[in-house]
Amino acid sequence: QVQLVESGGGLVQAGGSLRLSCAASRRTFSYYAMGWFRQAPGKERDFVATISTSGTSTVYADSVKGRFTISRDNTKNTVYLQMNSLKPEDTAVYYCAASMTYGNTRHASYAWWGQGTQVTVSS
């Protein structure tokens, strides 16, 4: 069991930046691949990015590639999502999640989830 707590969401103008953080409760954080997903009102939860246990491999959704960067610090049990050049369509609740395997883009592959943090991008 791993508990995840996101932070860093907020309101930002289009073109701005935000950095989300997700702190994990367990020292075994480094055993888990981590992912970020997002869900806009009335829409499904969509994959954003994932990172391997070591942090050396990443996968991004096409919609965020080149604008978002996922990273992790295993000494701090934390995963980050740096979001640049934000667009109004990035508005959503952002969730971090943990998986025992890397490379998954489906939310069903992640067993542990945070409570989410709201990101709102104004035009």
Side-chain angles (χ1 to χ4, degrees):
Q1 184 78 12
V2 58
Q3 293 181 330
L4 304 171
V5 179
E6 300 97 335
S7 61
L11 174 64
V12 64
Q13 288 188 332
S17 298
L18 281 174
R19 188 175 84 154
L20 305 183
S21 299
C22 173
S25 61
R26 293 183 63 105
R27 292 183 179 181
T28 54
F29 171 75
S30 63
Y31 294 178
Y32 301 94
M34 299 299 296
W36 285 96
F37 289 76
R38 64 187 182 185
Q39 188 166 19
K43 296 189 176 181
E44 295 184 350
R45 190 170 297 189
D46 290 332
F47 168 76
V48 174
T50 185
I51 189 166
S52 62
T53 54
S54 64
T56 56
S57 297
T58 57
V59 177
Y60 294 93
D62 288 343
S63 58
V64 306
K65 203 171 293 183
R67 300 188 298 123
F68 290 11
T69 302
I70 188 172
S71 62
R72 67 190 297 162
D73 186 340
N74 287 343
T75 66
K76 296 182 179 180
N77 292 351
T78 302
V79 62
Y80 305 96
L81 186 68
Q82 178 67 45
M83 305 185 295
N84 298 329
S85 302
L86 283 161
K87 306 174 182 180
E89 51 264 42
D90 295 318
T91 295
V93 177
Y94 283 70
Y95 299 90
C96 72
S99 174
M100 294 303 295
T101 57
Y102 167 66
N104 297 303
T105 62
R106 298 185 307 119
H107 60 77
S109 299
Y110 292 78
W112 300 278
W113 292 83
Q115 81 290 348
T117 186
Q118 176 71 46
V119 171
T120 303
V121 184
S122 62
S123 58

Indicate yes or no: at least one non-hydrogen side-chain atom of [X] is less than 4.5 angstrom from one of [Y].
X	Y	result
Arg38	Ser63	yes
Thr91	Gln118	yes
Ser25	Val2	yes
Met83	Trp36	no

Are there over 12 heavy-atom neighbours, none belonging to Lys65, within less than 6.0 Å of that residue's NZ?
yes
Is [X] reaching over with its side chain to a backbone N or O of [Y], donor-acceptor style, under 3.5 angstrom?
X	Y	answer
Glu6	Cys96	yes
Ser99	Ser109	yes
Gln115	Val5	no
Gln13	Ser122	no
Asn104	Arg106	no
Arg72	Phe29	yes
Thr56	Ser54	no
Thr50	Met34	yes

Does Tyr110 form a ring pair (Phe, Tyr, Trp, His ring centres under 6.0 Å) with Tyr95? I'd like the steps, not just the answer.
CA-CA 11 Å; Tyr110 292 78; Tyr95 299 90; over 10 Å; no
Closest contact, heavy atoms only, [X] versus [Y]:
X	Y	value
Val59	Tyr102	CG2-OH, 3.4 Å
His107	Arg45	CD2-O, 3.9 Å
Ser21	Thr78	CB-CG2, 4.2 Å
Ala24	Leu4	CB-CD2, 3.7 Å
Ser123	Ala14	CA-CB, 4.4 Å
Asn84	Ser17	OD1-OG, 2.9 Å

Hey, could you give me the [atom1]/[atom2] distance between [X] and [Y], rounded to the nearest 0.5 Å?
X	Y	atom1	atom2	result
Leu81	Tyr60	CG	OH	7.5 Å
Thr105	Phe37	OG1	CZ	7.0 Å
Gln3	Trp112	CD	CH2	12.5 Å
Ser52	Ile70	OG	CD1	9.5 Å

Please walk me through it: do Thr53 and Ser30 pass side-chain contact (heavy atoms from CB on, under 4.5 Å)?
CA-CA 5 Å; Thr53 54; Ser30 63; 5.8 Å; no
Using the six-membered ring wherever Trp is involved, compare the ring planes of Tyr94 and Phe68 and label them parallel, tilted or perpendicular (cut-offs 30° and 60°).
tilted
Using a strict cut-off of less than 4.0 Å between a Lys/Arg side-chain nitrogen and an Asp/Glu carboxylate oxygen, indicate whether Asp90 and Lys87 qualify as a salt bridge.
no
